[in-house]
*Asks:* 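Take a look at this one; I'll ask things after.
Order of the sequence lines sets the chain letters (A, B, ...), proteins ahead of strands, with each chain counted from 1. Note that the structure is a prediction, hence the values are computed from the model and not measured. Atom set for the values below is all heavy atoms of this structure, side chains included, hydrogens, waters and symmetry mates excluded.
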Number of protein chains: 2
Amino acid sequence: MPRVELARSTGLSFPAISAITSKLMAEDLLCEAVTETATVWPDDTDEEDTDGLNGRRRGRPAVLLTLNPEFGRVIAVSLRMNLIETLIADFSGSALAQSRLELTTRGLDAAALCDLVIAQIDAMIDATATPRDRLLGIGIALQGIVDSDTGRHLWSPALSITDVDLATPVRQAFGVEVVMANDAVAVALALAAAEPALAQGLTATIMVGHGVGMGVVVDGEARDGAGAGSEIGHVKLAPNGPQCRCGQRGCIEAHLADYALYRDARTFLDLPPAVSQQPSEAQMALLRARARAGDPRLEQLFRQAGHALADAVATTISVLRPHHIILAGPGLQAFDMMRSAYEERLERAVLPWLLKSTAIHVRPSESATIVDGMVRRTLRVVDRNHMETTE
Amino acid sequence: MPRVELARSTGLSFPAISAITSKLMAEDLLCEAVTETATVWPDDTDEEDTDGLNGRRRGRPAVLLTLNPEFGRVIAVSLRMNLIETLIADFSGSALAQSRLELTTRGLDAAALCDLVIAQIDAMIDATATPRDRLLGIGIALQGIVDSDTGRHLWSPALSITDVDLATPVRQAFGVEVVMANDAVAVALALAAAEPALAQGLTATIMVGHGVGMGVVVDGEARDGAGAGSEIGHVKLAPNGPQCRCGQRGCIEAHLADYALYRDARTFLDLPPAVSQQPSEAQMALLRARARAGDPRLEQLFRQAGHALADAVATTISVLRPHHIILAGPGLQAFDMMRSAYEERLERAVLPWLLKSTAIHVRPSESATIVDGMVRRTLRVVDRNHMETTE
DNA sequence: TTGAATAACTTCACCAAGAGAATTAAAAAA
DNA sequence: TTTTTTAATTCTCTTGGTGAAGTTATTCAA
């Protein structure tokens, strides 16, 4: 945040940083933070003189620079099974307002969907009294297949329509940049931002929840274009496996996603029916509770899910050879029940030399992670465009 | 090749190109080609004035620039099952000499392997009377797992030893840059260079031969670091499938690689034994001939191989979502017998929206493709280093 | 309180890379 | 020969950066 730190991290010289930051401050994009009395310093020196003055050092103290939160705002939308989540954030990424709209998404046609998304965005703008010219960008995270080149939404389990262009109408409605991404990419970004260790090298985030998706992040940044999102959930484990929502059989998702577990459990257990085959969070919690209570059939179901998860990880390691794999999403709340089956299968499904060179992290993230990550992605794109235009 | 073309392709201004090229010419890196009488022009104009003068146009003709072949030389080594192939090329990438050394690679220890590789390189230098200071780089393409960060050779089916550091001794012996890569990456580069259409966007090259590997090329360049090479061959199709050389079971490779096909065929057919379980090219040709002659058991074997190939393609598409997939390597010489099974399986194993957005190309390349691609890779790295140091 | 000491910034002179305009060069067409 | 056309160079100028020196704000020690 202080200029010295910027100089160190960018490798640029000190005068260059000075020039750039003063230009950005003239644009009101950056501003100097109020000098706090208890400034925390990075403890990168091995000196013994750690005096009692709360980490203060001699010399002129660094002036902290922050993004001016008032420079503008971005809106992130997460569109998934029976849920449209919307969030508006200021330029520093802090949330100002959010909304959740539950509805049967599979009942929508393309026009209705666009109208709905636009209405949600409008509502956010109104709720926070955001001037139109202060809206800098809109990010839409989608559950399903996004064409990385065109941004079109090719297919989603949440929708009965295919090949939807959501970006163009929204861009026309608000006249700002619209960023489309797979929701797993958004989660991957949020997790990489939260843990700096995961923002080093190639990180693949497998998100297990309503579906099974994957996002790829390189050095903390989403990969542009092809290769950013992945449909690991629709890799086939067996030619004649269980039915998947995608229409094919034997997909990893059909063994591992919440809808698959709930559907399979209902064949031998009395459980309340799910709306559009999509169990709610409460229903999934119930399922886990019953399994933990010791139902051997449910235990077997979660063991099979563990196998499927191991196969997803094994395939990802073999094909992508990432430095890190993050297992994320609400589905991981049942990881304790999958663990032994997962580990046993993983051992046999990946070459040991590959397994050794990949670190696997389990982070059962919440649903808010999607819009959080999407805000980051959108801000990043807005930033980049701004640089290019004012350069 | 001419300066105008460089300006167009790089987007730099004309004076900039002039300055850069004249600097490089002073370094003897570039030189002007002799003005040929029948200069071939790019036919990018739609003008009707295509006179009979063999494509000549009005105006000052462009001076063709070429890399000075005498600027230096690079050596590429391909290390694979029972074979060490070596090639020395001039700075323009033209081969000057090559050698093939057949031996039982699995009998070597680390020191013997290093000595052997160094001896092969020495032989190439001597054979072409290359002054030591003219050797700019050495590229080594390996069958097996290469650690993209350290360049260590973690595991190879061709060797009984694991975790070998071949780069350091070779670098010390010759004092030049040593580039390590998976052999599939080398093939991918060679194919991308041969067909400009394949050098656009993300291209995954699946090489089927002694093993099954994959190389990833983005816009004609090998991806650096993690994610360049992939062990798609060791993705598992079934937990208890056929035995693979890697020690695990059910790998794609164990259904598809030449050694697997030959081994399985020998269980029901009289065929000459293979050296170290590695059938020769002649033996594989014999196998294909017998299958084409109409042996139903062999036809079934190749159909199963077709299924495994489809699964490899399906997994690659789902995880990587590339623009192009190239199926390459000698194993594809039997593609006609795999085709129907391959197509039928592929249809069921990939989401149609993904399949539609990936172009699949079949290129049964020869073995020389590996060293060819490795020369390109090495030249590219040497170039880059040169730029950085003289900058 | 008052001056070192220290560290964060700033200013200034300078350099290098590239852009645009005008100039020179080499060939075909008139 | 002269004109036209296209390639390449030269010149000037802007821009984005560096290094060296100067300025400012703060702690510590006399």
Side-chain angles (χ1 to χ4, degrees), chain A residues 1-27 30-66 386-391, chain B residues 1-27 30-66 386-391:
Chain A
M1 282 292 198
R3 274 172 259 242
V4 247
E5 199 55 41
L6 285 172
R8 257 192 289 275
S9 59
T10 59
L12 289 172
S13 74
F14 224 93
I17 295 293
S18 227
I20 292 168
T21 52
S22 58
K23 192 186 292 176
L24 293 178
M25 285 175 66
E27 286 186 64
L30 281 181
C31 60
E32 298 192 344
V34 282
T35 318
E36 297 189 20
T37 46
T39 313
V40 183
W41 293 79
D43 43 4
D44 49 355
T45 51
D46 310 337
E47 298 169 350
E48 298 290 325
D49 62 18
T50 316
D51 50 276
L53 283 155
N54 206 7
R56 277 270 179 123
R57 281 184 210 171
R58 311 182 68 175
R60 178 174 175 176
V63 179
L64 291 163
L65 297 174
T66 54
H386 182 81
M387 290 298 151
E388 279 169 15
T389 52
T390 58
E391 172 183 313
Chain B
M1 282 291 197
R3 274 172 259 242
V4 248
E5 198 56 41
L6 284 171
R8 258 192 288 274
S9 58
T10 59
L12 289 172
S13 75
F14 225 93
I17 294 293
S18 230
I20 292 167
T21 54
S22 60
K23 191 186 293 175
L24 293 179
M25 284 175 67
E27 285 186 67
L30 280 181
C31 60
E32 296 191 344
V34 283
T35 319
E36 296 187 22
T37 45
T39 313
V40 182
W41 293 79
D43 41 6
D44 50 354
T45 50
D46 309 338
E47 298 169 351
E48 298 290 326
D49 63 15
T50 316
D51 49 277
L53 282 156
N54 204 8
R56 277 269 177 124
R57 280 184 209 170
R58 315 180 63 173
R60 177 175 174 175
V63 179
L64 291 163
L65 296 174
T66 54
H386 183 82
M387 290 298 150
E388 278 170 14
T389 53
T390 60
E391 170 186 314

*Asks:* How many Å lie between CZ on B:Phe14 and P on C:dA25, as a whole number?
*Replies:*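 About 16 Å, once rounded to whole Å.
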*Asks:* Round to a whole Å and report the spacing from CD1 of B:Ile20 to P of D:dT9.
*Replies:* 12 Å
*Asks:* Which residues pass the side-chain contact (heavy atoms from CB on, under 4.5 Å) test with B:Thr21, not counting sequence neighbours?
*Replies:* B:Arg3, B:Leu6, B:Ile17, B:Leu30, B:Leu65
*Asks:* Just compare D:dA8, D:dC28, D:dG17 and give me whichever is closest to any side-chain atom of A:Arg58.
*Replies:*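 Nearest to the side-chain atoms of A:Arg58, counting from C-beta on, is D:dC28.
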*Asks:* Can you check the B:Leu65 CG to D:dT9 C1' distance for me, whole Å?
*Replies:*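 The distance from CG of B:Leu65 to C1' of D:dT9 comes to 14 Å, rounded to the nearest Å.
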*Asks:* What's the closest nucleotide to the side chain of A:Arg3 if the choices are C:dG18, D:dC11, C:dT10?
*Replies:* C:dT10
*Asks:* Atom CD of B:Glu32 and atom P of C:dA26: how far apart are they, to the nearest Å?
*Replies:* 11 Å
*Asks:* Let me know the distance between CG of A:Leu6 and C1' of C:dC9, rounded to the nearest Å.
*Replies:*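 Between C1' of C:dC9 and CG of A:Leu6: 13 Å.
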*Asks:* As a test of reading the structure: which of C:dA19, C:dA17, C:dC9 is closest to the side chain of B:Lys23, going by heavy atoms?
*Replies:*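 The listed nucleotide nearest to B:Lys23's side chain is C:dA17.
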*Asks:* Identify whether any heavy atom of B:Leu12 sits under 4.0 Å from a base atom; if not, whether one sits that close to sugar-phosphate; answer base, sugar-phosphate or nothing.
*Replies:* sugar-phosphate
*Asks:* Taking side-chain contact (heavy atoms from CB on, under 4.5 Å) as the test, write out the residues that go with B:Ala16, two or more places apart.
*Replies:* B:Leu12, B:Ser13
*Asks:* It should be established whether A:Ser18 places a side-chain nitrogen or oxygen under 4.0 Å from OP1 or OP2 of nucleotide C:dT10.
*Replies:* yes
*Asks:* Output the single nucleotide from C:dA8, D:dA8, C:dA19 whose closest atom is nearest the side chain of A:Val4.
*Replies:*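 Of all the options, the side chain of A:Val4 is nearest to C:dA8.
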*Asks:* Show your reasoning for whether side-chain contact (heavy atoms from CB on, under 4.5 Å) applies to A:Leu64 and A:Glu5.
*Replies:* CA-CA 10 Å; A:Leu64 291 163; A:Glu5 199 55 41; over 6 Å; no
*Asks:* Rounded to whole angstroms, how far apart are CD1 on A:Ile17 and C1' on C:dT11?
*Replies:* 16 Å
*Asks:* Going by side-chain contact (heavy atoms from CB on, under 4.5 Å), name the residues that satisfy it together with A:Ser22, two or more places apart in sequence or in a different chain.
*Replies:*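 Once residues adjacent in sequence are excluded, A:Ser22 has no partner under the side-chain contact (heavy atoms from CB on, under 4.5 Å) criterion.
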*Asks:* CD1/A:Ile20 to CE/A:Met387 distance, rounded to the nearest 0.5 angstrom?
*Replies:*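 Atom-to-atom, A:Ile20:CD1 and A:Met387:CE are 8.5 Å apart.
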*Asks:* Have a look at the helix from C:dT1-D:dA30 to C:dA30-D:dT1 and give the angle its two end axes make, five pairs each, rounded to 10 degrees.
*Replies:*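 End axes: 20° apart.
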*Asks:* Could you run down the sub-3.5 Å N/O contacts of the protein with nucleotides 21-25 of chain D?
*Replies:*
from	atom 1	to	atom 2	distance (Å)
D:dT24	O2	A:Arg60	NH1	3.3
D:dA25	N3	A:Arg60	N	3.4

*Asks:* Provide, to the nearest angstrom, the distance between the CG atom belonging to A:Leu64 and the P atom belonging to D:dT26.
*Replies:*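 Distance, rounded to whole Å: 13 Å.
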